[in-house]
Amino acid sequence: MLDWSRDELANRAHVGRRTVVDFEREARQCQYSTLLAIRTAFEAAGLAFTDDGGVKPRGMM
């Protein structure tokens, strides 16, 4: 939806690139603060998380 690179997400979420890579690969369990940072970056870009675990552009709920 956003067409971000891993570097872009890492920068916007203020986490390391390796953290994003490991999250995508499910290589380790992320800390709550990391998940919140990633979610916050997505929400700041206009995405909204649905109750069923999906993601949609804000306003299309």
V21 with I38, same ILVMFWY side-chain cluster at under 4.5 Å: no
Co-membership, hydrophobic cluster, residues M1 and F23, 4.5 Å side-chain: yes
Greater than 12 external heavy atoms within 6.0 Å of Q29's CD: no
Crowding at CG, D52 (>12 non-hydrogen neighbours, <6.0 Å): yes
same_hphob_cluster(L36, V55) at 4.5 Å side-chain heavy-atom cutoff: no
Distance (rounded to the nearest 0.5 Å) between D22 CG and R17 CZ: 10.5 Å
Pairwise side-chain contact, E43 with R58, heavy-atom cut-off 4.5 Å (strictly under): yes
Hydrophobic cluster identity match, L2 and F49, side-chain contacts under 4.5 Å: yes
Least distance between heavy atoms, V15 atom then A37 atom: CG1-CB, 4.2 Å
Side-chain touch R28/T19, heavy atoms, less than 4.5 angstrom: yes
Interatomic distance, H14 atom NE2 to L9 atom CG [nearest 0.5 angstrom]: 11.0 Å
